[in-house]
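Inspection log for the structure reproduced underneath, given as structure tokens.
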2 protein chains.
Amino acid sequence: MLNFSASEENYLKTIFHLQTKDNNVTTNELAERLHTRPASITDMMKKLKTRKLVNYQPYQGFRLTLEGKKAALNIIRRHRLWEYFLASKLKFNWDEVHEVAEQLEHVSNKKLIDKLDEYLAYPKFDPHGDPIPDTHGKMETSKQISLAELHLNRRARICYVANQSELLLEHLHEKKIKIGALVIVKRKFSYDDSLEIKLDNKPALTISGQLAKNVFVRHG
Amino acid sequence: MLNFSASEENYLKTIFHLQTKDNNVTTNELAERLHTRPASITDMMKKLKTRKLVNYQPYQGFRLTLEGKKAALNIIRRHRLWEYFLASKLKFNWDEVHEVAEQLEHVSNKKLIDKLDEYLAYPKFDPHGDPIPDTHGKMETSKQISLAELHLNRRARICYVANQSELLLEHLHEKKIKIGALVIVKRKFSYDDSLEIKLDNKPALTISGQLAKNVFVRHG
DNA sequence: AAATAAATTTAGACAAACCTAAAAAATAAC
DNA sequence: GTTATTTTTTAGGTTTGTCTAAATTTATTT
Ligand SMILES: [Mn+2]
Ligand SMILES: [Mn+2]
Ligand SMILES: [Mn+2]
Ligand SMILES: [Mn+2]
């Protein structure tokens with residue numbers, strides 16, 4: 001595994017998070033996410049291309065090569081292991097760990113990370129409910145469950161919406177419920193199966209049992 | 001506490017280690033220690049001077065201001081706490097921790113370090129026997145003892161030589177025993193009070209009881 | 001299909017932290 | 001007290017990663 005600068009690592013990691021099966025990442029998208037200017041993205045893409053970490057053709061966007069993906073998973077592994085350490089050992093709140101892990105993830109020493117993993121007893125998920133890649137880049141693809149099935153106080157992420165009718169999508173928009181949001185079920189009312197949930201740590205809101213059955217999450 | 005770049009932190013820390021009560025640090029000395037060129041040192045001293053972290057007059061060498069010393073102690077605190085963590089929690093060997101701590105020390109987040117300190121139960125010495133500064137920069141000034149008094153297998157550092165006769169100094173030179181070296185007593189022979197010691201983890205050597213009584217160390 | 005707008009790339013600069021080679025100052029040797 | 005040596009500084013470059021402004025390409029409107 002080669003060595004990357006902190007900047008290169010942040011680019012690789014962020015491209016990984018933005019790219020999907022069928023869509024390349026665009027220059028503006030990445031610039032916004034990294035709080036830099038589009039010109040800087042182009043500069044770095046040229047560099048990462050010569051290092052064979054991204055596939056990139058001018059004006060066509062870019063995506064990680066296999067090499068690039070391996071590197072990104074390694075950085076994500078470090079980030080999430082440190083987040084787990086901060087929460088479980090140092091008693092940080094789960095919403096304070098990200099900022100610190102952003103720095104710790106760039107300390108590159110394989111033995112350090114593997115020993116940390118061992119010390120933490122090989123955790124499978126970070127404090128946000130995101131899966132932690134192992135040494136080989138493999139990670140849990142926790143099965144999807146509906147919000148109705150999610151246990152109380154377990155963090156999960158919204159990943160899918162079933163039965164995507166106009167009305168349902170509109171309703172989700174109203175309630176500001178989005179794919180990728182962090183969700184915690186705080187109370188369950190068996191009277192009508194309604195739920196009190198928290199989204200991205202914002203004030204609680206109540207949703208109907210019907211809605212809960214159509215919103216799917218991963219890891220709870 | 002202001003924010004420093006990793007480079008600035010390395011300069012500050014190293015000046016702290018090199019400066020003594022009466023001697024300023026010289027350009028060449030620092031360049032050699034940091035594996036850079038003298039010209040780079042001059043560049044950085046100008047910069048640190050404008051930031052009021054060092055006192056520096058061209059050609060006169062330099063030393064830390066009070067501000068600079070405070071900053072340096074903070075970096076040393078981080079370095080040694082991480083070394084302690086790596087050795088005590090992650091089961092690194094004591095001679096592997098320094099390299100990793102060189103990277104971790106630059107992660108600057110006060111809460112992280114204070115929580116780490118708490119988690120480690122406020123250790124007073126790092127795995128090399130060097131004292132760990134507390135939040136205010138205070139640290140143990142472990143009392144000096146002679147090598148003859150040092151317990152078996154306890155790490156200590158040579159800090160002083162009593163009765164500095166020509167012969168003694170020459171003898172120390174022969175045996176390559178230097179101030180600052182890490183020393184561990186591996187065996188004690190009561191027959192003649194001679195000791196078998198290890199210096200800086202190199203092959204063991206034997207020294208006489210007379211020599212041991214005149215070489216002083218801190219922390220065992 | 002032309003015109004307009006948006007996205008992206010290029011050109012040219014800049015700061016941080018290095019470097020080499022030359023000049024200047026301080027020390028040491030005659 | 002000159003001369004020679006060592007130390008330090010200055011001058012001028014380089015690399016990495018950023019930026020702004022202008023040019024170019026692609027996408028969207030009419
Ligand atoms: Mn995170
Ligand atoms: Mn992150
Ligand atoms: Mn160390
Ligand atoms: Mn140490």
Side-chain angles (χ1 to χ4, degrees), chain A residues 2-15 18-20 22-64 68 71-72 75 102-103 105-108, chain B residues 2-15 18-20 22-64 68 71-72 75 102-103 105-108:
Chain A
L2 283 120
N3 237 48
F4 306 109
S5 71
S7 279
E8 290 169 326
E9 291 190 340
N10 283 332
Y11 278 87
L12 290 171
K13 188 182 56 164
T14 307
I15 296 171
L18 290 177
Q19 76 180 24
T20 61
D22 19 79
N23 281 115
N24 277 6
V25 181
T26 67
T27 302
N28 274 351
E29 201 183 357
L30 186 54
E32 188 176 359
R33 189 67 89 87
L34 290 174
H35 305 108
T36 105
R37 296 312 187 142
S40 307
I41 303 297
T42 303
D43 287 348
M44 185 61 95
M45 287 315 107
K46 285 177 182 165
K47 189 177 163 201
L48 293 182
K49 186 185 179 174
T50 69
R51 296 190 63 173
K52 298 202 160 90
L53 296 162
V54 297
N55 291 123
Y56 164 61
Q57 296 303 333
Y59 297 102
Q60 303 309 133
F62 34 83
R63 54 173 40 258
L64 297 174
I75 299 155
E102 279 298 306
Q103 291 187 64
E105 72 186 5
H106 302 299
V107 175
S108 76
Chain B
L2 283 118
N3 238 47
F4 306 109
S5 70
S7 279
E8 288 169 329
E9 290 190 342
N10 284 331
Y11 278 89
L12 290 170
K13 189 182 56 162
T14 307
I15 295 170
L18 289 176
Q19 76 179 24
T20 62
D22 19 79
N23 281 113
N24 277 6
V25 181
T26 67
T27 302
N28 274 352
E29 201 182 357
L30 187 54
E32 188 176 359
R33 190 67 89 88
L34 290 174
H35 305 108
T36 82
R37 298 312 189 138
S40 306
I41 302 297
T42 302
D43 287 347
M44 185 61 95
M45 287 314 108
K46 285 178 182 165
K47 189 178 163 200
L48 293 182
K49 185 186 181 173
T50 69
R51 297 191 61 171
K52 296 201 160 92
L53 296 161
V54 297
N55 292 122
Y56 163 62
Q57 296 303 332
Y59 297 101
Q60 303 310 132
F62 34 82
R63 52 175 38 256
L64 297 174
I75 300 154
E102 279 298 306
Q103 291 188 63
E105 72 186 3
H106 301 300
V107 175
S108 75

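In what follows, every chain begins at residue 1, and chains take the letters A, B, ... in the order their sequences are listed. These numbers were taken from a predicted model, which means no experiment stands behind them.
- Nearest approach of B:F4 to B:A71, heavy atoms of both residues: CE1-CB, 3.7 Å.
- The nearest whole Å value for the distance from the CD atom in A:E32 to the C1' atom in C:dA6 is 14 Å.
- Every residue two or more places apart in sequence or in another chain that forms a side chain to side chain contact (heavy atoms under 4.5 Å, CB included) with A:T20 is listed here: A:D22, A:N23.
- In this structure, the separation between CG on A:N55 and CZ on A:R63 is 8.0 Å, given to the nearest 0.5 Å.
- Across the protein-nucleic acid pair, B:M45 atom CE and D:dT7 atom P stand 18 Å apart, rounded to whole Å.
- Taking only side-chain nitrogens and oxygens, B:N28 never comes nearer than 4.0 Å to OP1 or OP2 of D:dT6.
- The side chain to side chain contact (heavy atoms under 4.5 Å, CB included) check on B:Q60 picks up B:Q57, with sequence neighbours excluded.
- Between B:K46 and the phosphate of D:dT9, there is no side-chain N or O to OP1/OP2 separation shorter than 4.0 Å.
- Taking atom CG on A:L48 and atom P on D:dT16, their separation rounds to 13 Å, with Å as the unit.
- Of the listed nucleotides (D:dT7, C:dT9, D:dT10), C:dT9 has the atom at the smallest distance from the side chain of A:T42.
- Under the salt bridge (charged side-chain N to carboxylate O under 4.0 Å, His left out) criterion, the residue pairs touching residues 5-14 of chain B are B:E8-B:K47, B:E8-B:R51, B:E9-B:R78, B:K13-B:E102, B:K13-B:E105, with sequence neighbours excluded.
- Residues A:I15 and A:F62 meet the side-chain proximity criterion, which asks for heavy atoms closer than 4.5 Å.
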Atom pairs, N/O to N/O, protein against nucleotides 17-19 of chain C, distance under 3.5 Å?
unit_1, atom_1, unit_2, atom_2, d
C:dA17, OP1, B:S5, OG, 2.6
C:dA17, OP2, B:K47, NZ, 2.1
C:dC18, OP1, B:S7, OG, 2.7
C:dC18, OP2, B:Y11, OH, 3.3
C:dC18, N4, B:D43, OD2, 3.3
C:dC19, OP2, B:R37, N, 3.0
C:dC19, OP2, B:S40, OG, 2.6

Detail all sub-3.5 Å separations between protein N/O atoms and N/O atoms belonging to nucleotides 24-28 of chain C.
unit_1, atom_1, unit_2, atom_2, d
C:dA25, O4', B:Y59, OH, 3.3

Side-chain donor-acceptor pairs of residues 28-42 of chain A under 3.5 Å, sequence neighbours excluded:
unit_1, atom_1, unit_2, atom_2, d
A:E29, OE1, A:T26, N, 2.9
A:E29, OE1, A:T26, OG1, 3.2
A:T42, OG1, A:P38, O, 3.4

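- Residues from residues 49-57 of chain B with heavy atoms under 4.0 angstrom of DNA chain C: there are none.
- Here the OG atom belonging to B:S7 is positioned 11.5 Å from the CG atom belonging to B:D43, to the nearest 0.5 angstrom.
- Proximity of A:H106 to A:S5: side-chain heavy atoms (C-beta onward) are nowhere separated by under 4.5 Å.
- A 4.5 Å side-chain heavy-atom check between A:L64 and A:Q19 finds at least one atom pair inside the cut-off.
- Closest of all the heavy-atom pairs between A:M45 and A:Y11 is CE-CD2, 3.8 Å.
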